[in-house]
Amino acid sequence: REFGSIVDVILFNKMKAVRPDLAAAMVFDRAGHGMRLNERTVSRDDVEANSKRSHQIDRETEKLGRDGAAARQSVATRTATLEGSKSVEIGRDLDNHWRESIGTIELQASTAEELKMPSLLEVQQMLFAGSSVIKQSDIDRVAAQLLAGHGGVELLDQVKNELFKQIGLIKIPGTVDSEGNRSPERFTTQEMIDIESDCLKAVYAGLTDQRWNLENSKIAEAIEQHQNDKRATQKPGAKPFTLTDEQREAAFKLTGEGQFKFLKGAAGVGKSATIAPVYMAYKSAGFCVMGVAPQNKQATGLTESTGMPAQTVHSLLIKHEMGMEAERAGKKAKPGMLIAPGTVIICDEAGTLDTYTMQALMRVCHERQAMLIMAGDRNQHGAVPTASLFGELHDAVGDRVATIEKISRQTEEYQPIAQALYEGKTEYALDRMDEKDQLRVYAEHVNEADALIDDVLAELPTNEKG
């Protein structure tokens with residue numbers, strides 16, 4: 001991305017000298033894909049047509065159980081057609097097809113609104129996406145993204161100096177290992193340090209809190225009930241739904257002592273199956289239990305998988321703040337708006353909560369004496385707008401973290417292979433796949449993705465082919 005941003009800076013300046021009309025029609029998606037033509041130059045009809053085409057490719061790729069750019073490109077070339085039914089292949093044929101489809105482009109100069117620079121908060125999100133500590137390369141990348149359209153590469157150092165000044169970047173000296181090698185310098189801000197410090201203090205302060213400690217018999221009963229409920233919905237002859245030993249142990253940990261608790265595990269390990277009996281146990285014990293997630297779709301999924309009412313984190317925080325404002329004004333808050341003392345809040349997908357939202361949620365729980373369970377995967381941090389504290393916080397409590405590592409979503413046939421891939425045992429996984437004839441090895445110079453799609457399409461019934 002850093003290289004692409006530098007290319008945008010240089011290319012725009014060249015374009016401005018050679019084709020100023022083309023340069024004037026450019027806009028910059030500074031936090032995303034970089035320089036492109038504005039939407040008035042490439043008509044909305046063309047954008048919509050491309051979106052529909054993209055959805056079609058997604059559906060066909062999903063049918064085949066594949067993902068990645070190579071698979072999508074292969075599917076695209078096999079499902080694209082010219083007028084009539086002629087297939088479009090990569091190369092000049094495809095190039096001509098797009099030229100005919102797009103038609104003549106009339107350049108429209110970009111407006112001041114379209115060229116509006118990002119706010120300071122947006123620049124901070126560009127810098128700290130997925131981490132509260134950044135490297136020099138992150139600063140170089142963002143400086144180039146901001147410079148595109150506003151000058152040449154000779155101004156990069158000036159932009160970087162402004163980033164340090166306006167964002168308030170602080171240098172973290174590199175450490176020296178036993179062999180005398182110094183690690184690269186890293187950077188953060190005083191604000192990030194203060195937020196992390198506040199959250200860590202709250203976690204440590206509630207480590208031995210006994211108010212949400214349930215008897216083991218209560219969680220055992222909830223596990224048994226959850227298993228019976230799931231088995232009642234299974235097809236005849238199916239293997240009876242049963243929590244793994246890891247999931248059971250995690251459920252016991254989550255109902256033990258502590259005000260802030262953590263459940264970590266990758267997608268497919270069965271975090272939702274573990275949360276369900278935890279919810280049931282606390283509800284049965286008379287606690288008010290509330291489910292939350294960063295996005296509405298995730299909250300809906302949490303309700304569907306556990307039966308627990310759920311909403312977005314922002315919705316919970318907004319309602320609570322409205323209730324607090326009512327009380328400050330001498331009015332009575334509406335029922336359900338305020339987070340009551342003793343409430344159990346279970347946050348799914350906590351690994352995707354940004355630093356500020358995580359701090360706000362933890363602060364409310366600390367102030368209102370509510371218990372917070374955070375379930376997630378630190379590998380999701382890269383998708384977070386402004387850093388994420390989930391990984392750092394669960395690291396801080398050590399063996400108190402409830403951990404699930406065994407993949408449970410896969411069928412019995414594929415589970416060992418999926419588990420090996422999850423644990424980084426790639427060679428073992430490939431060997432097992434080879435034994436089961438699940439690998440295809442192609443000769444040199446053959447486009448593997450194309451050949452694989454050909455094989456799969458050949459095995460599909462005619463009416464299922466793209």
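- For the atom pair CZ of R30 and CG of L147, the computed distance is 8.5 Å after rounding to the nearest 0.5 Å.
- Atoms CZ and OG1, from F252 and T255 in turn, are 7.0 Å apart once rounded to the nearest 0.5 Å.
- A salt bridge links R328 with E321; the closest basic N to acidic carboxylate O contact falls under 4.0 Å.
- Here L146 contributes atom CG and L156 contributes atom CG; the two are 10.0 Å apart, rounded to the nearest 0.5 Å.
- By the 4.0 Å N-to-carboxylate-O rule, E257 lies close enough to R400 to be salt-bridged with it.
- Around the CD atom of E249, the shell of radius 6.0 Å holds no more than 12 heavy atoms that belong to other residues, nucleotides or ligands.
- Proximity of T312 to P294: side-chain heavy atoms (C-beta onward) are nowhere separated by under 4.5 Å.
- Residues L37 and L22 are in side-chain contact: their nearest non-hydrogen atoms beyond the backbone lie under 4.5 Å apart.
- The main-chain N or O of T244 is found under 3.5 Å from a side-chain atom of Q247 such that the two form a donor-acceptor pair.
- T403 places no side-chain N or O within 3.5 Å of a backbone atom of K264 that could act as its donor or acceptor partner.
- Atom NE2 of H150 has more than 12 neighbouring heavy atoms from other residues, nucleotides or ligands inside a 6.0 Å radius.
- Heavy atoms of other residues, nucleotides or ligands lying less than 6.0 angstrom from NE2 of H320 number more than 12.
- Within the 4.5 Å cutoff, the side chain of R186 has no heavy atoms near those of the P184 side chain.
- Within the 3.5 Å criterion, the main-chain N or O of G265 finds a donor-acceptor partner in the side chain of K271.
- Under the 3.5 Å distance criterion, the side-chain polar atoms of S305 are matched with a main-chain donor or acceptor of L302.
- In this structure, the side chain of S284 does not engage the main chain of M280 through any donor-acceptor pair within 3.5 Å.
- Contact check for K283 versus M308: no side-chain heavy atoms found under the 4.5 Å cut-off.
- Distance alone, capped at 3.5 Å, places no donor-acceptor pair between the E185 side chain and the K171 backbone.
- Checking L163, D138, V142 one by one against M126, the side-chain contact (heavy atoms from CB on, under 4.5 Å) holds for a single residue, V142.
- Contact check for F164 versus I139: side-chain heavy atoms found under the 4.5 Å cut-off.
- The distance from atom NZ of K319 to atom CE of M322, rounded to the nearest 0.5 Å, is 9.5 Å.
- Judged by distance alone, with hydrogens and angles left aside, the side-chain atoms of N38 form a donor-acceptor pair with the main-chain N or O of Q108 at under 3.5 Å.
- In this structure, M371 and F260 have side chains that are not in contact, with every pair of non-hydrogen atoms separated by 4.5 Å or more.
- Not a single donor-acceptor pair under 3.5 Å links the side chain of T343 to the backbone N or O of A370.
- T188 and S132 are not linked by any side-chain donor-acceptor pair at a separation below 3.5 angstrom, with hydrogens and angles left out of the test.
- Between R40 and E114 there is a salt bridge, with a side-chain nitrogen of the basic residue lying less than 4.0 Å from a carboxylate oxygen of the acidic one.
- A pairwise comparison of heavy atoms in L372 and C347 identifies CD1-CB, 4.2 Å as the closest pair.
- Side-chain contact between M374 and K261 is absent, with no heavy-atom pair separated by less than 4.5 Å.
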*Applying salt bridge (charged side-chain N to carboxylate O under 4.0 Å, His left out), run through D245 and R248 and close with a yes or a no.*
CA-CA 5 Å; D245 290 343; R248 293 175 66 90; 5.3 Å; no

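- Exactly one residue among L214, V289, L254 makes a side-chain contact (heavy atoms from CB on, under 4.5 Å) with V278. That residue is L254.
- In this structure, M26 CE and L115 CG are separated by 11.5 Å, a value rounded to the nearest 0.5 Å.
- The shortest distance between side-chain heavy atoms of F390 and L353 does not fall below 4.5 Å.
- In D177, the CG atom is crowded: over 12 heavy atoms of neighbouring residues, nucleotides or ligands sit closer than 6.0 Å.
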